[in-house]
Amino acid sequence: MNPRLSLYELAHRHQLDATATQRLFHAAGLDAEPAALQTWFWKGVAVLAAALGGLGLILWLAANWESLGRMGRFALLQGSVLAMGLGAATQARLRAPLGLLALLCIGGLFAYFGQTYQTGADPWQLFAVWALLALPLCLGARSDVLWAPWALVMMTAISLWTYAHTGHRWRAEPQDLTAYAMAWLAALALIAALSPAAARFTGAGPWAMRTAATLTVMAMTLAAIVALFHKDVAPHYPLALALFAIAAGVLARRDTFEIFVLSAVALGLNTLLVAGLARWLFESGSSGDPIGRLFLIGLVAAGLLAASVSAITGLARRYGTAQETPS
C-alpha cells in the first residue's frame with residue numbers, strides 16, 4: 001500500500017487538523033521532496049535535451065537539404081561533433097549529455113557520408129566505424145548515458161554483419177551456422193566487456209550490459225526459432241539452447257548474479273523450449289485433438305514461467321540476504 005495514502009487515511013480516521021497532519025508527515029519523512037530528486041531530475045532533463053538536440057539537428061539538416069551545399073552539410077555535422085566533443089572534455093557536469101549529443105552527431109555524419117559518396121560499403125561497416133570512433137568518447141565519459149546507446153550501435157553492426165554474411169537475407173539455414181556462431185560470440189564478448197567485471201576500465205554501469213544482453217537474447221531467440229521451423233531443424237536451435245543454458249548457469253552464481261539479464265536469458269530459454277515442444281507435438285504424427293495439444297503447450301509454458309520466476313526470486317532473496325548479513 002502507498003504509505004502516503006495510509007497516512008491520509010490515518011489522519012482522517014483520527015480527525016487530525018492541518019498542523020497535526022503536517023507533523024505526522026514530518027515524522028514519517030514524507031513532508032519534503034526526495035533528497036536526490038533535484039540531482040536526478042536535472043540530469044534526466046539534460047540527457048533528454050541532448051537526445052532531442054541530436055535528433056533535431058539531423059531533422060533540421062534534412063529539412064534544409066536544398067539550401068545547404070555539400071560542404072555546408074559536412075561543415076555543420078563536423079562542427080557539431082567537434083563542439084560537442086570539446087564541451088564534453090571541458091565541462092565535467094555536462095559531460096554525459098554533451099557526449100551523447102556528440103555520439104548522435106557522429107552517426108549523422110556517417111549516414112550523410114554514406115549517402116553522399118555511395119562507397120559501396122555494407123551498412124554494418126558504417127555502424128562498426130561509428131562504434132569505433134565513439135569508443136574514446138564513451139571511455140572518457142564513463143557513463144551509461146553513452147554506453148547504452150553505444151551498445152545499441154554495436155549490436156546493430158553485429159546484426160547487419162550477420163545479414164551480409166547470410167546472402168543478404170534474414171535466414172537461418174544449416175550453412176549459415178558459422179556466421180551466426182561468430183555473431184553470437186561477438187555479442188557475448190560485448191556483454192562481457194560491459195559487465196561489472198570490466199567496469200573499472202570502462203566505467204559502464206548496469207544498463208549498458210542490460211541493453212546489450214537484451215538485444216542479444218532477442219537476436220538469438222529469433223534466429224533459433226527460424227532454425228527450429230526449418231525443414232530439418234537447423235543446428236542454430238540446439239546451439240542457442242546450449243548457450244542460454246550455460247549463460248543461465250553462470251548468471252545464477254553468487255559472484256555473477258544479475259537479475260535483469262538472468263530474467264532475459266530465462267525468457268529466451270523458455271521460449272525456445274516451448275517452441276520446440278510445439279513443433280514436436282504438431283509434427284509427431286499424433287492424431288490427438290489439436291485443442292488438447294495447444295492446452296498442453298499453454299500448461300508447459302505457464303509451468304516453465306512459474307518455475308523460472310520462483311528460481312530467480314529465490315536466488316535474489318538468498319543472495320540479497322547474504323549480502324545484508326554482517327560478517
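What you see is a predicted model, and the numbers here were worked out from it, not measured in a lab. Side-chain atoms are counted along with the backbone in the values below, which use heavy atoms only and exclude waters and symmetry mates.
Atoms NE2 and CZ, from H236 and R171 in turn, are 9.0 Å apart once rounded to the nearest 0.5 Å. One finds the CG atom of L243 at 6.0 Å from the CG atom of L188 (value rounded to the nearest 0.5 Å). To the nearest 0.5 Å, atoms CE (M155) and OG1 (T214) are separated by 10.0 Å.
Residues W184 and I158 are not in side-chain contact: their nearest non-hydrogen atoms beyond the backbone lie 4.5 Å or more apart. The side-chain heavy atoms of M182 and T178, taken from C-beta on, include a pair separated by under 4.5 Å. For the pair P206 and P196, the minimum side-chain heavy-atom distance is 4.5 Å or more.
Other residues, nucleotides and ligands contribute more than 12 heavy atoms inside 6.0 Å of the CZ atom of F229.
Annotation for L52: hydrophobic cluster partners, listed by chain and number, are L48 (ILVMFWY side-chain heavy atoms under 4.5 Å, direct or chained). Alongside L86, the hydrophobic cluster contains L82 (criterion: ILVMFWY side chains under 4.5 Å).
When hydrophobic clusters are built by joining Ile, Leu, Val, Met, Phe, Trp and Tyr residues whose side-chain heavy atoms come closer than 4.5 Å, directly or via intermediates, I106 is grouped together with L135. The hydrophobic clustering, which links ILVMFWY residues whose side-chain heavy atoms are closer than 4.5 Å, places L241 and L251 together. With hydrophobic clusters built from ILVMFWY side chains whose heavy atoms lie under 4.5 angstrom apart, W124 shares a cluster with L152.
At least one donor-acceptor pair closer than 3.5 Å links the side chain of S195 to the backbone N or O of A192. Under the 3.5 Å distance criterion, the side-chain polar atoms of R95 are matched with a main-chain donor or acceptor of A88. Checked by atom type and distance alone, the side chain of Y319 pairs as donor or acceptor with a backbone atom of A252 at under 3.5 Å. A distance-only check finds a donor-acceptor pair linking the side chain of T256 to the backbone of V250 [under 3.5 Å].
By the salt bridge (charged side-chain N to carboxylate O under 4.0 Å, His left out) test, D255 pairs with R253, sequence neighbours left out. For R13, the side chain to side chain donor-acceptor pair (under 3.5 Å) test picks out E9, with sequence neighbours left out. Applying the side-chain contact (heavy atoms from CB on, under 4.5 Å) rule to N270 yields the partners L304, S308; only residues at least two apart in sequence or on another chain are considered. Checked against side chain to side chain donor-acceptor pair (under 3.5 Å), W161 has the following partners two or more places apart in sequence or in another chain: H165.
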Item to complete: Kindly indicate, with the supporting measurements, whether the criterion side chain to side chain contact (heavy atoms under 4.5 Å, CB included) is fulfilled by I259 and I312.
Response: CA-CA 7 Å; I259 188 170; I312 293 172; 3.7 Å; yes
Worksheet item: Are E258 and R210 close enough, and set up right, to give a side chain to side chain contact (heavy atoms under 4.5 Å, CB included), and what steps lead you there?
Response: CA-CA 9 Å; E258 220 292 331; R210 291 170 180 175; 2.7 Å; yes
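Y163 has its ring centre less than 6.0 Å from the ring centre of W170.
Ring geometry for W130 versus F127: interplanar angle of 30 to 60°, hence tilted.
The shortest non-hydrogen separation linking A96 to V145 is O-CG1, 3.9 Å. A223 approaches A172 most closely through the heavy-atom pair O-CB, 3.6 Å. Here the shortest heavy-atom pairing between A213 and I191 reads CA-CD1, 3.6 Å.
Of the residues W147, W150, F260, the one that meets the ring pair (Phe, Tyr, Trp, His ring centres under 6.0 Å) test with W207 is F260.
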